[in-house]
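Written out below as structure tokens is the structure these notes cover.
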Amino acid sequence: MSLPKPMMRGLLAKRLRFHLPIAFTLALTAAIAFKYTVTEPKKQAYADFYKQYDAVKEFNAMREAGIFESVQPTGK
Amino acid sequence: MFRAVFRLSASGARSLTRSRPCYSAPLASRCYSHGKVETDEEFDSRWVTYFSKPDLDAWELRKGMNTLIGYDLVPEPKILDSALRACRRLNDLASAIRILEAVKDKAGPHKDIYPYLIQELKPTLTELGISTPEELGIDKL
């Protein structure tokens, strides 16, 4: 039984033509998914935290805790 | 802005691959806008002639094979026949068997190519007394 001649040229080109668009799409999807599930929530969390942030109140709390050298707690 | 980029690039990448004709053209041709594209037959006969040179030296044999293996194709039986005869002229049995191993590897996942090549080369292999890697048991690790 004699074997027929198979396709012997352009095998890589054929494979790439199929897989390369898929690869690029998947990579792009992964990047977009990461952006919207990780970086945006993180940025939002920071924004929310600092929206109601009172720097002076935080400073006074730290001052009372006695961690500064340049300024003493109000008691002393 | 990112959504626009995504839409553009996804469709752009696909249309790029579709509009480029050189993807399915003979591998050895570069994508020139000028210049003639070499046909498969011209490519094959060029390589058959290369290996048919009577005073081909060992370096030229190795160089030819390495260049040939670099292309996106499995060499035709007639090119391999010419290369195997060159190995015979150079008394290089090792390279002859290595050529068979190389084309089997070039076929990659396409398991129907190598048996076809051996079938076509059988007369030459018998005439020149070249054993296949399978006959020698060196095809298994």
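Heavy-atom basis, side chains included; hydrogens, waters and symmetry copies ignored. Everything numeric here is computed off the predicted structure, so don't read it as measured data. Residue numbers start from 1 in every chain, and the chains themselves are labelled A, B, ... in the order their sequence lines are given, proteins ahead of strands.
- Below 4.5 Å, heavy atoms of chain A meet heavy atoms from B/Tyr116, B/Leu117, B/Gln119, all part of residues 116-141 of chain B.
- Residue B/Pro109 does not touch chain A at all, counting heavy-atom pairs closer than 4.5 Å.
- Within a 6.0 Å radius of CZ in A/Arg63, more than 12 heavy atoms belonging to other residues, nucleotides or ligands are found.
- Between B/Asp72 and A/Arg15 no salt bridge is recorded (no basic side-chain N to carboxylate O distance below 4.0 Å).
- No chain of hydrophobic side-chain contacts below 4.5 Å, direct or via other Ile, Leu, Val, Met, Phe, Trp or Tyr residues, connects A/Tyr53 to A/Val56.
- Closest of all the heavy-atom pairs between A/Met8 and B/Pro75 is CE-O, 3.2 Å.
- Linking ILVMFWY residues whenever their side-chain heavy atoms come closer than 4.5 Å, directly or via other members, places B/Leu80 and B/Leu93 in the same cluster.
- Atom NZ of B/Lys53 sits in a crowded spot, with more than 12 heavy atoms from other residues, nucleotides or ligands closer than 6.0 Å.
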Applying side chain to side chain contact (heavy atoms under 4.5 Å, CB included) to B/Asp112 and A/Leu3, what does each step give before you reach the verdict? CA-CA 9 Å; B/Asp112 51 341; A/Leu3 297 165; over 6 Å; no

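- Cluster membership check: B/Met65 does not share its hydrophobic cluster with B/Trp59, using side-chain heavy-atom separations under 4.5 Å among Ile, Leu, Val, Met, Phe, Trp and Tyr.
- In A/Phe59, the CZ atom is crowded: over 12 heavy atoms of neighbouring residues, nucleotides or ligands sit closer than 6.0 Å.
- Cluster membership for A/Leu26 and A/Phe18, using ILVMFWY side-chain heavy atoms within less than 4.5 angstrom, is shared.
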Which pairs of donor and acceptor atoms, one on a side chain in residues 41-51 of chain A, lie under 3.5 Å apart (sequence neighbours left out)?
residue: A/Lys43; atom: NZ; partner: A/Glu40; partner atom: OE2; Å: 3.1
residue: A/Gln44; atom: NE2; partner: A/Asp48; partner atom: OD1; Å: 3.0

